[in-house]
J.: 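Before I ask anything, here is the structure I am working with.
Residues: numbered from 1 along the sequence shown. These values consider heavy atoms only, across backbone and side chains, with no hydrogens, waters or symmetry-generated copies.
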Amino acid sequence: MGEFDLIRTHFWRAAPARPDGSGVRLGNGDDCALLVPAPGMVLAVSTDMLVAGRHFLPDVDPEALGHKALAVNLSDLAAMGARPLAFTLALALPRADSAWLAALARGLFALADAHGCALVGGDTTAGPLNLCLTVFGEVPAQQASRRDAARVGDDVWVSGTLGDARLGLAVLLGERPVPLGAEHARARLERPTPRVALGLALRGIIHAAADVSDGLLGDLGHILAASGVAARLDVETLLGSGAVHPEVRALPLAEALRCVLAGGDDYELVFTAPPERRAAVQRAAEQAATPVTRIGHIVAGPPATHALAPGAARVHLCDAKGQPYPLPPGVVLGGFDHFATMPA
């Protein structure tokens, strides 16, 4: 199968038109796609790369890989409060396996169709297995939930449950015995749910947000660094709340802490909102059918730094009485860093 046969067979689709002329004006088949945001909207753009052996195992189910490749990008749009519009796909393949590609496309397009997100272009080449997606969304400029907008006094919230994906990875790698009901953790690792509906429902309610891709402490830390603030998190309340699945809560304390605070790959949202908007946050969560949990609050901190600067040190872990929470021996927490984790 040649390059263009591959594209026509597995990835060629007509982009849906909108009655008002916004959306995808021109999709696949030209040198560029043409996108027109709806009136009053700005484009939100994000890119993520998934590399075999780094982000997924070489024998991964290709349908699950297609789902996850788009889900991690949609999660970024969710954090910004943006509605998905379109995406591009750059795909490097060791060989053109038609059955494998058909499964990848099924997973990809099932999620794309669920969110009205059209594939509008990309590239294919021979090489080590690698998927790079760029996603485009639209959001009212004044309602985008930026990382630099957290304010002292805000509540800190998280959606869904944290640590599931890290437990799923531990099981998949044989690092621990398979617990009862491990299918849940593995599904959360391989088929995460981008919280797009929640991000849209929270527009105009919250101040700042990020998606939890590299661990709660790391991703909350990005908000804190960009906003020039700090946060106090009630660890005991968090571990005993609905934000932690019973499978994760049943782990030894040190392992549970690593999963919940630093595990990553959950693609939940961490966000801040003023205390007077608590009822509005809960209504938005109900509207989006996504549970949310209040886990701490924003306090004064050092001046703002670059949005990508390490900010986990700005997170102060406390117990239910507000006293510093002592970490078990040997537990070092922080956000995931691809290069810091590579061998020298």
Side-chain angles (χ1 to χ4, degrees), residues 44-50 55 71-82 134-135 137 139 143-160 162-163 165-166 192 194-196 198-199 202-203 205-233 235 238 243 257-274 292-317 332-341:
V45 184
S46 182
T47 298
D48 269 296
M49 183 183 300
L50 277 74
H55 299 94
V72 302
N73 282 269
L74 293 180
S75 182
D76 287 328
L77 293 186
M80 190 62 72
T134 296
V135 70
V139 61
Q143 293 185 355
S145 41
R146 297 165 47 138
R147 290 179 176 180
D148 62 0
R151 302 174 190 172
V152 173
D154 278 0
D155 293 325
V156 178
W157 298 78
V158 292
S159 68
L162 301 175
R166 184 60 186 88
R195 300 301 188 183
V196 174
L198 179 63
L202 289 171
R203 279 180 179 176
I205 298 173
I206 66 176
H207 285 156
D211 77 324
V212 183
S213 55
D214 294 328
L216 175 62
L217 294 190
D219 291 309
L220 174 58
H222 291 319
I223 292 176
L224 304 179
S227 299
V229 293
R232 294 173 69 87
L233 295 191
V235 177
L238 172 60
L257 286 169
R258 282 190 289 264
C259 286
V260 172
L261 298 178
D265 242 13
D266 287 312
Y267 297 99
E268 295 293 349
L269 299 184
V270 55
F271 57 94
T272 80
V292 295
T293 304
R294 186 159 45 91
I295 61 170
H297 61 279
I298 300 295
V299 297
T305 57
H306 191 280
L308 292 180
R314 295 171 179 256
V315 183
H316 307 304
L317 303 180
V332 178
L333 302 174
F336 182 78
D337 184 320
H338 285 283
F339 293 98
T341 59

J.: Looking only at heavy atoms, which two atoms of Ala82 and Ala44 are closest? And how far apart?
T.: CB-CB, 3.8 Å

J.: Answer yes or no: is there a side-chain heavy-atom contact under 4.5 Å between Asp265 and Val72?
T.: no

J.: How long is the straight-line distance from CZ of Arg203 back to CE of Met80, given to the nearest 0.5 Å?
T.: 11.5 Å

J.: Between Asn73 and Ser46, which heavy-atom pair has the shortest distance, and what is it?
T.: OD1-O, 3.5 Å

J.: Do Val299 and Val229 have side chains that get closer than 4.5 Å, going by heavy atoms?
T.: no

J.: Tell me which one of Ser75, Pro194, Ser159 satisfies side-chain contact (heavy atoms from CB on, under 4.5 Å) with Asp211.
T.: Ser75

J.: With no hydrogens and no angle check, do the side chains of His316 and Arg232 hold a donor and an acceptor under 3.5 Å apart?
T.: no

J.: Judged by atom type as modelled, is there a donor-acceptor pair below 3.5 Å linking the side chain of Asp219 to the main-chain atoms of Asp214?
T.: yes

J.: For Gly81 and Ser145, which heavy atoms make the closest approach, and how far apart are they?
T.: N-OG, 3.7 Å

J.: To the nearest 0.5 Å, what is the distance between OG1 (Thr272) and CH2 (Trp157)?
T.: 11.5 Å

J.: Which heavy atom in Ala225 sits nearest to a heavy atom in Gly311, and how many Å separate them?
T.: CB-CA, 4.3 Å

J.: Would the distance check show the side chain of Ser227 and the main-chain N or O of Ala150 forming a donor-acceptor pair, the cut-off being under 3.5 Å?
T.: yes

J.: Can you name the nearest heavy-atom pair linking Ala208 to Ile223, along with the distance?
T.: CB-CG2, 3.9 Å

J.: Flag the pair Asp76 / Val135 as yes when at least one side-chain heavy-atom distance between them is below 4.5 Å, and no otherwise.
T.: no

J.: Is any side-chain heavy atom of Leu220 closer than 4.5 Å to one of Val156?
T.: yes

J.: Within the structure provided, determine whether Phe271 and Leu202 are in side-chain contact (heavy-atom separation under 4.5 Å).
T.: yes

J.: Nearest 0.5 angstrom please: Asp266 CG to Leu216 CG, how far?
T.: 9.5 Å

J.: Determine whether Thr305 and Arg314 make a side-chain contact, defined as any pair of heavy atoms from C-beta on separated by less than 4.5 Å.
T.: yes

J.: Does CZ belonging to Arg146 count more than 12 external heavy atoms closer than 6.0 Å?
T.: no

J.: Is the backbone of Leu74 close enough, under 3.5 Å, to the side chain of Arg195 for a donor and an acceptor to pair up by distance?
T.: no

J.: Please examine the side chains of Leu224 and Ile298, heavy atoms only from C-beta on, and report whether any two atoms are closer than 4.5 Å.
T.: yes

J.: His297 and Asp155: side-chain donor and acceptor closer than 3.5 Å?
T.: no

J.: Closest approach of Ala79 and Ala209, non-hydrogen atoms and distance?
T.: O-CB, 3.3 Å

J.: Heavy atoms, side chains only, cut-off 4.5 Å: are Leu233 and Leu217 in contact?
T.: yes

